[in-house]
Amino acid sequence: LERDALFRKKHNIHVSGNNIPSPLTDFVELSSRYGCSAKLLRNLAELGFKEPTPIQRQAIPVMLSGRECFACAPTGSGKTLAFVCPILMKLKDASKDGIRAVIVCPTRELANQTTRECKKFAEGSKFRIKLLSKQLVQRADLSQFSCDILISTPLRLKLAVHKKKMDLSRVAYLVLDESDKLFELGLLKQIDSIVKACSNPSIVRSLFSATLPDFIEELARTIMHDAVRVIIGRKNT
Ligand code: ADP
Ligand code: MG
């Protein structure tokens, strides 16, 4: 525990919450501690990712332990892998059991970018990673739609659920990415209806943000259970 504290200090990782798992010293620990597939490790190596970034060091073990994660780290600090890696590991294999994970991004551009990143990390696997595109929401009925990871903006996803019967009741992982922007853009109501549509009682929610205004803290408190709070650097930079 003392060792974890020193290691966190060295990497400017601040945590709060109960029973926080040790941070990762390297990516190899993903396989030694958590049984990560050789394929995912190979993909990271091929992307030139040698060492986890501070947010990845702490958020990945938190999510792999089945805990909800409330994370704040600067733009460009590798938040995408911090949530995509544990989701890919937890989902284990591709399956057709409905929509299994949802990542909500504030803008189409960010949703696009996140989809591309996700696909790179999952390269060589059978995972079905889908962007909720305009063409897709225009389909008459989405009640049978399934994929391993669905990425969307809030408005489009809300539309798919309310107008096209998209079923989010089996979603096991919900990530609200760039949650500070989701709020700045006034997307709170859409987020609320998405959170409600993800009705699986054992859902694990995560919130990632570049800044930590009070309303984000408030949201985290209202939607998360026994979350681990991870902050990299200082709270409001
Ligand atoms: P954020 O969401 O925090 O703004 P991103 O997830 O978009 O950051 O990552 C920023 C850039 O850093 C991307 O180009 C990504 O591929 C790269 N990156 C992420 N993690 C690592 C890592 N461990 N090593 C090297 N590069 C990384
Ligand atoms: Mg990001």
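We count residues from 1, following the sequence as given. FYI, side chains are in, hydrogens and waters are out, and symmetry mates aren't considered; it's all heavy atoms of this structure. Both ligands and their constituent atoms are indexed starting at 1 by order of listing.
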Q: May I ask you to identify the nearest protein heavy atom to atom 6 (O) of ligand 1, giving residue, atom name and distance to one decimal place in Å?
A: Thr80 OG1, 2.7 Å
Q.
Could you work out, for atom 4 (O) of ligand 1, the closest of Gly76, Ala71, Pro74 by heavy-atom distance?
A. Gly76
**Q.** Nearest-neighbour protein heavy atom for atom 3 (O) of ligand 1, which is reported as residue plus atom name and distance
**A.** Lys79 NZ, 2.9 Å
Q. Just wondering, do Val171 and Asn200 contact through their side chains at under 4.5 Å, heavy atoms?
A. no
Q | Region of Phe27 engaging ligand 1 - heavy atom pairs below 4.0 Å | A | side chain
Q: Do me a favour and list the nearest non-hydrogen protein atom to atom 14 (O) of ligand 1 with residue, atom name and distance?
A: Glu117 OE2, 4.6 Å
Q) Does a side chain donor of either Asp4 or Ser22 reach within less than 3.5 Å of an acceptor in the other side chain? A) yes
Q) Charged N to carboxylate O under 4.0 angstrom, Asp226 versus Arg67? A) yes
Q. Considering only heavy atoms, does Glu51 approach ligand 1 within less than 4.0 Å through its side chain, its backbone, both, or neither?
A. backbone
**Q.** atom 20 (N) of ligand 1 protein-contacted, heavy-atom criterion under 4.0 angstrom
**A.** yes
Q) What about Gln113: any of its N or O atoms under 3.5 Å from an N or O on ligand 1? A) no
Q.
If you measure every N or O of Thr75 against every N or O of ligand 1, does any of those distances drop under 3.5 Å?
A. no
Q.
Can you tell whether the side chains of Glu184 and Lys181 come within less than 4.0 Å, N to carboxylate O?
A. no
Q. Charged N to carboxylate O under 4.0 angstrom, Glu123 versus Lys120?
A. no
Q) Salt bridge between Glu178 and Lys79, side-chain N to carboxylate O under 4.0 Å? A) no
Q) Do Ile103 and Cys118 come within less than 4.5 Å of each other through their side chains, counting heavy atoms only? A) yes
Q. Is the closest side-chain heavy-atom distance between Val161 and Ile194 below 4.5 Å?
A. no
(Q) Geometry only, no angles: is Gln56 polar-contacting ligand 1 at N/O separations under 3.5 Å? (A) yes
Q. Do Arg139 and Val137 come close enough that some side-chain heavy atom pair is under 4.5 Å?
A. no
**Q.** Distance from atom 8 (O) of ligand 1 to nearest protein heavy atom, with residue and atom
**A.** Gly78 N, 3.1 Å
Q) Of the protein's non-hydrogen atoms, which lies at the shortest distance from atom 17 (C) of ligand 1, and what is that distance? A) Phe49 CZ, 3.9 Å
Q. Between Lys50 and ligand 1, does any nitrogen or oxygen pair lie at a separation below 3.5 Å?
A. no
Q: Using a strict 4.0 Å cut-off to heavy atoms of Ser77, name the atoms of ligand 1 that fall inside it.
A: 1 (P), 3 (O), 8 (O)
Q: Run the contact test for Ala73 against ligand 1 with a 4.0 Å cut-off on heavy atoms, strictly below, and give the result.
A: no
(Q) Any non-hydrogen side-chain atom of Pro106 less than 4.5 Å from a side-chain atom of Phe183? (A) no
